[in-house]
Colleague: 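Submitted below is the structure of interest, expressed as structure tokens.
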Amino acid sequence: MSSTGLPPGLKLAYEVISPAEEATLVALIEAADLTCSAYDPGNPRASASFGWKYDFANDGFVRCVAMPEGFRALAETAATFAGLVSDDLAECLLNRYAPGAVIQPHCDKPVWEHVVGVSLGAPATMLFSHPDSGEELAVVLPPRSIYLLAGEARHVWRHALPPMRDTRHSITFRSLSAEGLRRLETCPNAI
Ligand SMILES: O=C(O)CCC(=O)C(=O)O
């Protein structure tokens, strides 16, 4: 049984972009080369990454194409929201959740530090669960809102998305952690 409230370290703000900007971003996501993950068969969630992507197969990084200009203004907004500069945002991940798509409970990989997400389209409820106490918190993410996972919300609590009823898009920006920076130095794809 989940209750409302925010896990410590979760920051949320509403209406950070206009409906017109939202429509433009959705069109840009739809124009991207979205693919469903081979590690998540049957889940109608399609994604594309720009910058650096975590490689689950090799526990390393894959270099992706640079983030297109159309996402630049949003990256600035996300960086400011997180107290960063946009150059700190090593990955820009695009997601399209078709009806039924889910995200299983997880903590983002320790190669990442800040996780900043912008929601577009249908609203979603993000479910946070504490691994020790079992406490659950349901946080509504309306379209055009932004969230930052930091502190306990980032490093202790798991987050998940239950099956989507209507199509939602999201854009997630991630900065590298100290571990991520160290790992990137030894990445064969890095310059
Ligand atoms: O779509 C979102 O806002 C959540 C994305 C997420 O949890 C992830 O990519 O790890």
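First listed ligand is number 1; within each ligand, the first listed atom is number 1. Count residues from 1 along the sequence.
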Colleague: Could you pull out the closest heavy-atom pair between Pro142 and Ser119, with the gap in Å?
Modeller: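 What the structure gives for the nearest pair is O-CB, 3.5 Å.
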Colleague: Using non-hydrogen atoms of the residue, decide whether Gly117 is closer than 4.0 angstrom to ligand 1.
Modeller: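 Flag not set, Gly117 not near ligand 1.
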Colleague: Between Arg183 and Asp59, does any NZ, NE, NH1 or NH2 come within less than 4.0 Å of an OD or OE carboxylate oxygen?
Modeller: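 Judged by the 4.0 Å cut-off on N to carboxylate O distance, Asp59 and Arg183 do form a salt bridge.
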Colleague: Any idea which part of Glu91 is under 4.0 Å from ligand 1, heavy-atom wise: side chain, backbone, both or neither?
Modeller: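 Neither part.
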Colleague: Determine whether the side chain, the backbone, both or neither of Leu93 has a heavy atom under 4.0 Å from any heavy atom of ligand 1.
Modeller: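 Side chain only.
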Colleague: Please write down residue, atom name and distance for the protein heavy atom closest to atom 8 (C) of ligand 1.
Modeller: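 Protein heavy atom with the smallest distance to atom 8 (C) of ligand 1: Arg174 NH2, 3.3 Å.
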Colleague: Only heavy atoms count here, so choose which of Tyr54, Trp112, Tyr147 is nearest to atom 2 (C) of ligand 1.
Modeller: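 Residue with the shortest heavy-atom distance to the ligand atom: Tyr147.
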Colleague: Are the side chains of Arg154 and Trp112 in contact, using a 4.5 Å heavy-atom criterion?
Modeller: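 In short, these two side chains touch, coming nearer than 4.5 Å.
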Colleague: Which atoms of ligand 1 have any heavy atom of Arg45 under 4.0 Å away?
Modeller: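 Matching atoms, with element in brackets: 9 (O).
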Colleague: Looking at atom 6 (C) of ligand 1, what's its closest protein heavy atom, distance included?
Modeller: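 Ranked first by proximity to atom 6 (C) of ligand 1 is Ile103 CD1, 3.5 Å.
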Colleague: Checking a contact table here: which protein heavy atom is nearest atom 10 (O) of ligand 1, and how many Å away?
Modeller: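 Answer, as residue, atom name and distance: His106 NE2, 2.8 Å.
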Colleague: With backbone taken as N, CA, C and O and side chain as the heavy atoms from C-beta onward, which portion of His169 lies under 4.0 Å from ligand 1: side chain, backbone, both, or neither?
Modeller: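 None of His169 does.
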Colleague: I'd like to check the ring pair (Phe, Tyr, Trp, His ring centres under 6.0 Å) partners of Tyr14; sequence neighbours left out, ordered by chain and number.
Modeller: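 If we apply the ring pair (Phe, Tyr, Trp, His ring centres under 6.0 Å) test to Tyr14, skipping adjacent residues, there are no hits.
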Colleague: Identify the protein heavy atom lying closest to atom 1 (O) of ligand 1, giving its residue, its atom name and the separation to 0.1 Å.
Modeller: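 Scanning the protein heavy atoms, the shortest distance from atom 1 (O) of ligand 1 goes to Tyr97 OH, 2.5 Å.
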Colleague: Determine whether the side chains of Ser86 and Glu76 contain a donor N or O and an acceptor N or O closer than 3.5 Å.
Modeller: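 Yes.
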Colleague: Heavy-atom distance under 4.5 Å between the side chains of Met164 and Arg45, does that happen here?
Modeller: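 No, side chains not in contact.
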